[in-house]
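The next block holds one structure in the form of structure tokens; read it before the comments.
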There are 4 protein chains.
Amino acid sequence: MAQSDTVTRILDTAEVLFAERGFAETSLRNITSKARVNLAAVNYHFGSKKALIQAVFARYLDPFSERFHEALDELQARHGEQQIPLEVLLETMATTVLTVPAERNSLKVFMRLLGLAYSQAQGHLRRYIHEQYGDVFTRFVELVRQATPGLPDAERFWRLHFMLGTVIFTLSGLDALRDIADKEYGEQVSIRDLVRRLRPVVVAAMHAPLPATLEEPSHVHPEAG
Amino acid sequence: MAQSDTVTRILDTAEVLFAERGFAETSLRNITSKARVNLAAVNYHFGSKKALIQAVFARYLDPFSERFHEALDELQARHGEQQIPLEVLLETMATTVLTVPAERNSLKVFMRLLGLAYSQAQGHLRRYIHEQYGDVFTRFVELVRQATPGLPDAERFWRLHFMLGTVIFTLSGLDALRDIADKEYGEQVSIRDLVRRLRPVVVAAMHAPLPATLEEPSHVHPEAG
Amino acid sequence: MAQSDTVTRILDTAEVLFAERGFAETSLRNITSKARVNLAAVNYHFGSKKALIQAVFARYLDPFSERFHEALDELQARHGEQQIPLEVLLETMATTVLTVPAERNSLKVFMRLLGLAYSQAQGHLRRYIHEQYGDVFTRFVELVRQATPGLPDAERFWRLHFMLGTVIFTLSGLDALRDIADKEYGEQVSIRDLVRRLRPVVVAAMHAPLPATLEEPSHVHPEAG
Amino acid sequence: MAQSDTVTRILDTAEVLFAERGFAETSLRNITSKARVNLAAVNYHFGSKKALIQAVFARYLDPFSERFHEALDELQARHGEQQIPLEVLLETMATTVLTVPAERNSLKVFMRLLGLAYSQAQGHLRRYIHEQYGDVFTRFVELVRQATPGLPDAERFWRLHFMLGTVIFTLSGLDALRDIADKEYGEQVSIRDLVRRLRPVVVAAMHAPLPATLEEPSHVHPEAG
DNA sequence: AATGAATGAGGATTCATTCAT
DNA sequence: AATGAATGAATCCTCATTCAT
């Protein structure tokens with residue numbers, strides 16, 4: 001367990017610091033000194049900073065990917081030939097997202113990391129995530145497709161990303177928003193509160209009427225219906 | 001034009017590089033060498049890298065803030081005592097957001113920058129933006145409040161941020177998403193297309209039913225209604 | 001008087017900053033910004049930082065040199081062929097040193113500058129002072145020689161420097177020492193108090209018995225006498 | 001010996017350059033290039049330039065402080081209840097000051113450094129020295145107090161600093177003064193010669209008559225007696 | 001007489017990485 | 001399996017000085 005100890009300490013420290021400051025702003029010195037580990041240990045155990053970043057994600061995404069596959073297996077087994085409703089799909093994903101990091105008590109960190117993965121200039125990371133975990137996402141999207149037969153493919157693609165933005169933006173900036181909500185409205189929101197709030201919004205967004213086509217005269221506001 | 005030239009070249013180069021790589025990943029050397037300007041010029045004209053980052057934002061947000069105030073003035077003048085509908089408010093904001101940077105042909109850059117402002121570890125930047133431009137946003141939020149009288153204040157707060165996430169996430173990751181959309185669905189989306197697509201989604205999200213309260217028995221799924 | 005104004009402001013500011021921080025630690029930017037003068041003004045009016053340092057000293061040493069020459073003229077006229085007592089010479093120097101900068105209310109600054117001139121690595125400055133003001137000092141030393149006929153030349157040379165050290169060290173570190181004296185002994189000493197204290201010490205030091213010669217057997221401690 | 005080698009080379013080089021030019025005027029590049037050591041080595045081994053400066057002093061003052069404590073222990077053991085004469089105290093200090101750096105063949109450097117510590121704008125250094133070595137000095141002052149019962153406390157405070165100035169000023173400017181003494185009087189003085197010369201002067205200064213009080217009528221020149 | 005702009009050299013410090021042990 | 005030492009490259013920033021106006 002000697003190796004495991006050092007490796008774990010590095011990962012534990014790295015994920016917190018990355019989540020707090022971002023990747024470029026967190027130096028290996030920051031990590032190793034806070035983890036009380038030798039400076040060379042990161043390169044020794046992981047090979048490079050990039051590999052460390054990927055390892056941090058893998059520690060979340062590997063179990064997530066596995067559980068989500070299992071959950072979808074179960075869902076499909078239960079529904080057989082029947083279509084799985086959108087709400088159930090979303091609920092399943094939410095549950096899995098909440099379950100996995102909850103075991104490590106660091107949902108917030110995971111969310112921040114996800115946000116960073118999209119916004120920080122780490123091409124290697126996006127590539128890595130896509131290669132390693134692309135298929136679960138693809139499987140999920142296909143099920144969503146079956147659940148929303150009325151939605152053109154392109155429209156569904158965009159709406160899923162709209163919602164991804166909603167979720168990642170909100171959850172990754174959670175601390176700041178929570179502070180404001182507390183100060184302004186006296187609300188102490190938990191992540192579960194937030195998921196509760198997100199549910200109707202996401203469903204409504206996915207079910208929103210189609211946009212007017214560009215060529216169409218704009219005198220009828222599509223959202224007015 | 002001597003000063004204007006150097007200063008402008010620095011700003012033009014900086015905003016592009018910042019948008020491409022982020023702040024920490026862009027060095028002053030990167031900027032000055034690409035702008036073919038002396039390395040010390042940034043510190044001479046702006047004082048520090050932080051101040052340069054703020055100046056890059058100011059060049060967008062100053063005119064935006066001004067135009068948006070004007071647009072809201074006009075809206076309020078036109079509606080008098082009457083309530084301004086939510087759709088009109090959103091439309092006005094969208095128009096202003098699209099107009100201002102369009103004049104500089106760099107809407108995409110502006111969107112990336114906005115996204116970075118939220119996700120990158122630049123506390124000073126968030127503080128700066130809040131101090132300089134907080135009041136336009138506050139004014140807008142107040143008008144949204146009047147336009148959505150049925151929405152509890154806290155709920156409106158969260159939904160606005162949900163939508164902010166949607167917009168910023170989508171527009172700041174635009175290039176990557178556009179590539180995928182093109183490859184998968186043969187769609188060449190312009191930003192205006194995207195705004196058209198966003199409209200019904202945002203409206204539906206704001207009008208979504210209220211979430212079930214926590215104390216309520218959870219056997220009724222709120223989104224099932 | 002336009003030029004005079006800028007030049008004076010620069011000199012006034014420079015002498016204070018030099019006295020506070022030393023020469024290398026004071027940048028032209030420090031000086032010009034505090035003096036609210038253009039950065040290029042120093043080089044324009046003085047040619048270089050070195051020349052500014054010299055000018056700062058000249059503003060004190062020119063009048064000092066002149067007054068001291070006059071005072072010595074007067075002394076010699078009064079004593080004619082008679083020897084001028086050491087005490088009178090010292091008193092005359094003290095008076096001149098106190099008089100000149102007192103007119104500019106900056107005795108303390110002058111003393112700090114003198115101390116710096118000796119300790120800071122400004123070869124050009126020592127050379128400049130020696131060239132410009134060496135002759136007054138030489139004249140004074142010659143009178144001291146006549147007043148202390150029993151003292152070997154080399155011994156006198158060293159004792160004069162011992163005393164120079166006493167005076168410059170004390171007066172240039174005055175602020176710190178004054179603070180301690182105040183805290184520990186409840187004394188608020190003025191520079192005039194200090195001079196009063198210095199007088200008997202300097203006189204006793206100059207009149208101290210000659211040291212034992214090196215060749216002499218060391219069983220008699222010279223200071224025991 | 002790998003570490004010791006680099007660290008020692010840095011310290012050896014730094015103390016010489018600091019003594020020659022002062023702290024601000026000596027860059028880390030100066031030091032590392034002359035010591036043929038990597039530029040980053042200073043920050044690696046010492047952390048910062050400030051810490052290097054302190055380390056340079058510590059290498060002298062640590063053994064000095066230790067030896068001086070021992071010497072005073074021995075003195076007090078020998079004299080028991082009896083008072084230790086001022087001459088013996090001064091002699092002891094002189095001996096210790098001469099002994100310690102002599103082992104490193106760099107008395108001159110040590111003296112220059114001591115002078116710089118007082119005159120250069122390195123607040124951190126004065127603070128460091130005071131914190132680390134204040135107690136030896138305090139102990140010495142207390143013994144001086146017992147050896148000069150006739151001297152008011154404040155007067156003793158000032159006279160000790162007068163003499164400190166004499167010694168530091170002379171010894172830290174030694175090279176220049178030695179050159180002059182050689183040229184003018186054909187004297188090659190060693191440091192031991194200088195100490196021999198300092199002895200009677202310092203003793204006489206400490207035993208000088210008290211100054212006239214301020215309130216006293218000034219028609220009697222106090223030093224005329 | 002004076003100044004805003006600009007510059008090249010150099011400042012201390014931090015970086016991720018390598019290597020001998 | 002692990003580490004202390006070391007390094008070359010790069011970081012941001014400040015410097016005194018110059019120059020066109």
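Below, chains carry the letters A, B, ... as their sequence lines are ordered, and counting in each starts from 1.
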Pairing string, 5' to 3', for DNA chain E - Watson-Crick or wobble contacts under 3.5 Å, brackets [ ] where pairs cross, | to another strand: .||||||||||||||||||||

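Listed by chain and number, the residues in a side chain to side chain contact (heavy atoms under 4.5 Å, CB included) with R126(C) amount to none (sequence neighbours excluded). The side-chain hydrogen bond (donor to acceptor under 3.5 Å, both in side chains) check on E25(D) picks up nothing, with sequence neighbours excluded. Take L39(A) and apply the side chain to side chain contact (heavy atoms under 4.5 Å, CB included) test, not counting sequence neighbours, and it matches L28(A), R29(A), T32(A). A55(B) is linked by a side chain to side chain contact (heavy atoms under 4.5 Å, CB included) to L11(B), F46(B), counting only residues two or more places apart in sequence or in another chain. Annotation: side-chain hydrogen bond (donor to acceptor under 3.5 Å, both in side chains) contacts of H130(D) (sequence neighbours excluded): none. Under the side chain to side chain contact (heavy atoms under 4.5 Å, CB included) criterion, I129(A) pairs with F57(A), L61(A), A117(A), L125(A), Y133(A), sequence neighbours left out.
Applying the ring-ring contact (aromatic ring centres under 6.0 Å, His included) test to pairs two or more places apart or on separate chains, those with a residue in residues 23-43 of chain D are F18(D)-F23(D).
If you take CG of N38(D) and P of dA9(F), they are 10 Å apart, rounded to a whole angstrom. Straight-line distance from the CG atom of D5(A) to the C1' atom of dA2(F): 13 Å, rounded to whole Å. The separation between F46(D) atom CZ and dA6(F) atom P is 11 Å, rounded to whole Å. Here the P atom of nucleotide dT13(E) and the CD1 atom of I10(D) are 13 Å apart, to the nearest Å. The interatomic distance linking H45(D) (NE2) with dT14(E) (P) rounds to 16 Å, in whole Å.
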Polar-atom pairs under 3.5 Å, protein N or O versus N or O of nucleotides 15-19 of chain F: list them with distances, or write none.
unit_1: dC15(F); atom_1: OP1; unit_2: S27(C); atom_2: OG; d: 3.3
unit_1: dA16(F); atom_1: OP1; unit_2: L28(C); atom_2: N; d: 3.4
unit_1: dA16(F); atom_1: OP1; unit_2: K49(C); atom_2: NZ; d: 2.9
unit_1: dA16(F); atom_1: OP2; unit_2: L28(C); atom_2: N; d: 2.9
unit_1: dT17(F); atom_1: OP2; unit_2: N43(C); atom_2: OD1; d: 3.4
unit_1: dT17(F); atom_1: OP2; unit_2: K49(C); atom_2: N; d: 3.0

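Proximity of T6(B) to the phosphate of dA5(E): no side-chain N or O atom is located under 4.0 Å from OP1 or OP2.
Using a cutoff of 4.0 Å between basic side-chain nitrogens and carboxylate oxygens, R112(D) and E20(D) are not scored as salt-bridged.
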